[in-house]
2 protein chains.
Amino acid sequence: MMIQNLNKIERQRRIKEYILRDPFLSDKKLAELFNFSVQTIRLDRLEMGIPEMRKRIIKVAKETSLADQVKSLKRDEIIGELIDIELGKSGIAILKTVKSMAFNRTGIIRSHYIFSLADSLAISIIDAKVALTGIARLRYKIPVYTGQTLVAKARVAQKKGNKYLVSVHVKSNHEEVFTGKLVIFSFNDKVKKKEV
Amino acid sequence: MMIQNLNKIERQRRIKEYILRDPFLSDKKLAELFNFSVQTIRLDRLEMGIPEMRKRIIKVAKETSLADQVKSLKRDEIIGELIDIELGKSGIAILKTVKSMAFNRTGIIRSHYIFSLADSLAISIIDAKVALTGIARLRYKIPVYTGQTLVAKARVAQKKGNKYLVSVHVKSNHEEVFTGKLVIFSFNDKVKKKEV
DNA sequence: CTAACAATTAATAGTTACTAATAATAGGTA
DNA sequence: TACCTATTATTAGTAACTATTAATTGTTAG
């Protein structure tokens with residue numbers, strides 16, 4: 001019974017994972033995968049409160065069918081729009097958040113979009129051919145929801161040789177939602193022309 | 001016959017429109033909407049080559065499903081591919097870097113792509129409905145160039161209530177290029193059952 | 001007027017992927 | 001031995017179909 005029980009729990013854990021990764025798996029397919037009967041799989045699903053395949057598919061479909069309209073964002077749009085910049089000193093960028101940047105369930109913007117905004121702004125204010133992020137400390141203070149417009153302000157706080165300390169503050173409606181401190185290294189690989 | 005014919009064509013045009021706008025309409029619902037028999041609706045669908053509701057839903061779902069084999073570039077370019085996961089414990093994801101993720105001048109992958117890989121992996125191993133990044137400490141150790149494949153390993157290092165400390169290590173060719181420590185908070189908006 | 005034809009509806013059998021309930025079986029444990 | 005858990009089997013019923021054949025209705029050309 002002990003061994004059986006453990007097996008059962010382990011099996012259910014794996015079934016859950018499989019379904020999470022591939023909601024299109026029917027009970028029959030799962031039964032074949034795990035070499036258990038269809039009935040056992042069903043019992044497992046019931047015990048875990050996982051709905052049948054067709055309902056799972058409908059859920060997945062609904063989550064996105066409404067969303068789409070707005071297609072894939074161009075990568076550069078992740079960066080936001082540079083609205084002001086003083087090379088070597090500071091810069092401001094804004095990003096209008098859209099549905100595709102958010103978790104479907106909650107409408108909360110995924111953290112890496114905010115980091116992308118901060119990071120690209122920080123890099124773009126460095127007055128060098130090449131700038132690379134070395135270390136970053138990020139703090140997400142308040143969740144940001146789809147539709148909110150983010151304003152990022154970056155400032156070079158310190159400079160030692162080719163090492164810059166840049167602080168970035170992101171606000172939405174005058175409320176700070178994110179702060180970050182980035183250590184960025186600059187390199188002047190070859191000839192340095194005027195500017196960008 | 002002329003009038004009938006026109007009606008038929010008109011009806012089919014409208015059915016097509018309805019289905020386009022709402023792929024979840026079954027033949028029965030369409031029959032009710034148009035006040036024709038289910039059989040007529042079916043014939044119309046067949047004549048127009050429109051698949052049945054369930055297939056339409058599957059199509060919609062697959063277009064955006066994370067688990068989908070045929071991955072939509074946009075999303076996967078950012079998130080990478082989950083290749084193993086043990087909910088609540090650890091996970092592995094890989095990301096094949098491409099040109100569009102890099103700076104043109106140097107071919108070095110922009111840091112936020114690496115963070116995105118790490119961050120999404122960290123979030124996906126949290127066994128909760130909603131997980132949000134709160135704090136992050138990142139260290140970029142070696143530049144990554146276009147074409148390199150990144151392997152990210154995340155592990156829950158600590159858990160206190162709904163606060164998780166997740167460490168992520170990203171390697172390329174067995175060389176560590178990035179490490180990060182993320183503090184993630186989980187939320188169960190709709191509590192169902194307790195587990196584990 | 002009627003045979004022909006299109007459009008529509010009905011009827012029937014078979015499919016998939018289930019739910020829900022009940023029963024049977026194997027392998028332990030107390 | 002009686003009980004218990006896990007597993008498997010069986011049966012009836014559901015939605016939403018496919019595929020086929022047949023019946024009905026309406027129009028119209030000869």
Side-chain angles (χ1 to χ4, degrees), chain A residues 1-66, chain B residues 1-65 67-69 190 192-196:
Chain A
M1 192 192 103
M2 252 354 194
I3 293 161
Q4 284 283 34
N5 221 322
L6 270 175
N7 276 344
K8 188 186 174 184
I9 287 167
E10 177 63 11
R11 185 187 63 230
Q12 293 196 345
R13 193 187 63 73
R14 294 190 62 201
I15 287 174
K16 194 177 173 183
E17 273 178 24
Y18 266 71
I19 290 176
L20 253 170
R21 262 192 290 173
D22 184 359
F24 300 91
L25 287 167
S26 66
D27 288 351
K28 199 185 164 195
K29 277 185 198 156
L30 284 164
E32 282 160 13
L33 271 168
F34 286 90
N35 229 33
F36 276 88
S37 76
V38 173
Q39 283 74 12
T40 303
I41 303 292
R42 286 219 229 286
L43 269 174
D44 288 340
R45 255 202 310 105
L46 284 176
E47 279 177 25
M48 293 188 285
I50 298 173
E52 61 166 299
M53 182 204 64
R54 288 173 301 201
K55 293 200 175 131
R56 296 194 302 265
I57 292 176
I58 287 171
K59 207 186 150 205
V60 173
K62 286 216 165 151
E63 271 170 10
T64 41
S65 73
L66 300 169
Chain B
M1 192 191 103
M2 251 355 193
I3 294 160
Q4 284 283 32
N5 221 322
L6 270 175
N7 274 346
K8 188 187 175 184
I9 287 166
E10 178 62 11
R11 185 186 63 231
Q12 293 197 344
R13 196 185 61 70
R14 294 190 61 201
I15 288 175
K16 200 174 173 181
E17 266 179 31
Y18 265 72
I19 291 176
L20 255 169
R21 261 189 292 169
D22 184 0
F24 299 92
L25 287 166
S26 67
D27 288 351
K28 198 185 165 195
K29 276 184 198 157
L30 283 164
E32 280 159 14
L33 271 169
F34 285 89
N35 229 33
F36 276 87
S37 77
V38 172
Q39 285 75 13
T40 303
I41 304 292
R42 287 220 228 285
L43 269 175
D44 287 340
R45 258 202 309 106
L46 283 176
E47 280 176 25
M48 293 187 286
I50 296 173
E52 60 167 300
M53 182 203 64
R54 287 172 300 200
K55 294 204 173 125
R56 297 194 301 265
I57 292 177
I58 287 171
K59 208 187 150 204
V60 174
K62 285 216 163 155
E63 271 165 15
T64 35
S65 164
D68 189 13
Q69 297 291 33
K190 280 173 196 166
K192 55 172 184 189
K193 279 180 188 172
K194 58 163 185 180
E195 32 192 270
V196 183

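Just so we're clear, the structure is a prediction, and the values are computed from it rather than from any experiment.
Here ring-ring contact (aromatic ring centres under 6.0 Å, His included) pairs that include residues 28-60 of chain A, with residues two or more places apart or in two chains, are A:Tyr18-A:Phe34.
Atom CD of A:Glu10 and atom P of D:dA6 are 15 Å apart (whole Å). In this entry the distance linking NZ of A:Lys8 with P of D:dA6 reads 4 Å, nearest Å. Note: CD (B:Gln12) to C1' (C:dA7) measures 11 Å, nearest angstrom. Summarising the geometry, the separation between CD1 on B:Ile9 and P on C:dA6 is reported as 14 Å, rounded to the nearest angstrom. Between the P atom of D:dA6 and the CD1 atom of A:Ile41 lies a distance of 15 Å, rounded to the nearest Å. For A:Phe34 and D:dA6, the CZ to P distance is 18 Å, given to the nearest whole Å. Straight-line distance from the CZ atom of B:Phe36 to the C1' atom of C:dT9: 11 Å, rounded to whole Å. Regarding A:Asn7, its CG atom lies at a distance of 15 Å from the C1' atom of C:dA26, rounded to whole Å.
B:Arg56 places a side-chain N or O within donor-acceptor distance of the main-chain N or O of B:Leu25, the cut-off being under 3.5 Å.
Closest approach of B:Pro23 to B:Val60, counting heavy atoms only: CG-CG2, 4.1 Å.
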Produce a footprint string for nucleotides 10-19 of chain D: one letter per nucleotide, 5' end first; B if the base is under 4.0 Å from any protein heavy atom, S if only the sugar-phosphate is, - if neither.
B-----BBB-
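In this structure, CG in B:Asp44 is found 13.0 Å from CZ in B:Arg13, a value given to the nearest 0.5 Å.
In this structure the side chain of B:Thr40 reaches within 4.5 angstrom of the side chain of B:Arg11, judged on heavy atoms.
For D:dT8, the OP1/OP2 oxygens have a side-chain nitrogen or oxygen of A:Thr40 closer than 4.0 Å.
A salt bridge between A:Glu10 and A:Arg14 is absent, with no side-chain N of the basic residue lying under 4.0 Å from a carboxylate O of the acidic one.
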